[in-house]
Amino acid sequence: MELTLKSDLKNFARSCVAGSVEDACHRCSKCIRKDLIRAVITGDATGARSIPDDAPGWGPFAADPPFYMQAQYEWVIARLPREDWPGGLSRLATKLPRASLERTEWMGRAYSPAVDSAIPPQWRELSRQRIAERLGWMQELDVDHMQAWDRT
């Protein structure tokens with residue numbers, strides 16, 4: 001998401017078809033997750049604070065972990081100031097007590113081997129260059145944390 005927010009096309013990016021470019025639907029956990037991540041990256045928690053506590057997107061978290069995309073929620077919990085947490089995130093945080101800066105730091109960097117498996121050959125060099133400029137690469141400790149991350 002950090003790459004998207006730094007792009008000239010950021011105002012056109014919305015991955016949920018139920019919402020609009022201007023507004024997240026909050027009926028899906030994806031919109032909730034993206035508003036929370038955006039709040040951390042931009043330092044503007046307005047979107048996060050506006051997520052209704054009874055939004056349907058919080059529904060999947062009524063169960064016990066592990067959750068889909070759980071590492072991303074732990075990343076947010078470790079970074080978003082508590083006074084900016086919507087009620088749904090407060091409830092979720094009680095189920096994810098291991099969220100920490102150190103254990104989720106890897107999520108802010110790119111995993112180098114993924115370039116070869118996910119990007120077509122003709123775009124790999126340019127992609128490596130841009131990723132290095134904008135995000136940076138995981139170090140050995142980051143890779144260790146990523147590979148050890150398992151909440152099942």
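Just so you know, these numbers come straight off a predicted model, no measurement behind them. One-based numbering along the sequence shown.
- Just one residue in the list D84, L92, L80, I77 forms a side chain to side chain contact (heavy atoms under 4.5 Å, CB included) with L36, and that residue is L80.
- Interatomic distance, CD of Q72 versus OG1 of T104, reported as 11.0 Å (0.5 Å rounding).
- The two residues T94 and P97 have their closest heavy-atom pair at O-CD, 4.1 Å.
- Note on residues 57-67: no pairs pass salt bridge (Lys or Arg N to Asp or Glu O under 4.0 Å), not counting sequence neighbours.
- Atom CD of E140 has 12 or fewer neighbouring heavy atoms from other residues, nucleotides or ligands inside a 6.0 Å radius.
- Contact between H26 and P52 at its shortest, heavy atoms only, is ND1-CD, 3.8 Å.
- Between the CZ atom of R91 and the CH2 atom of W58 there is a distance of 7.5 Å, given to the nearest 0.5 Å.
- The side chain to side chain contact (heavy atoms under 4.5 Å, CB included) test with E105 singles out one residue from R103, E102, R109, and that residue is R109.
- With hydrophobic clusters built from ILVMFWY side chains whose heavy atoms lie under 4.5 angstrom apart, W137 shares a cluster with L126.
- Applying the side-chain hydrogen bond (donor to acceptor under 3.5 Å, both in side chains) rule to D44 yields the partners T46; only residues at least two apart in sequence or on another chain are considered.
- Under the 3.5 Å distance criterion, with hydrogens and angles disregarded, no donor-acceptor pair is assigned to the side chains of S90 and R82.
- If you take CD1 on I37 and CE on M107, they are separated by 6.5 Å, rounding to the nearest 0.5 Å.
- Across all their heavy atoms, S50 and G47 have their closest contact at OG-O, 2.8 Å.
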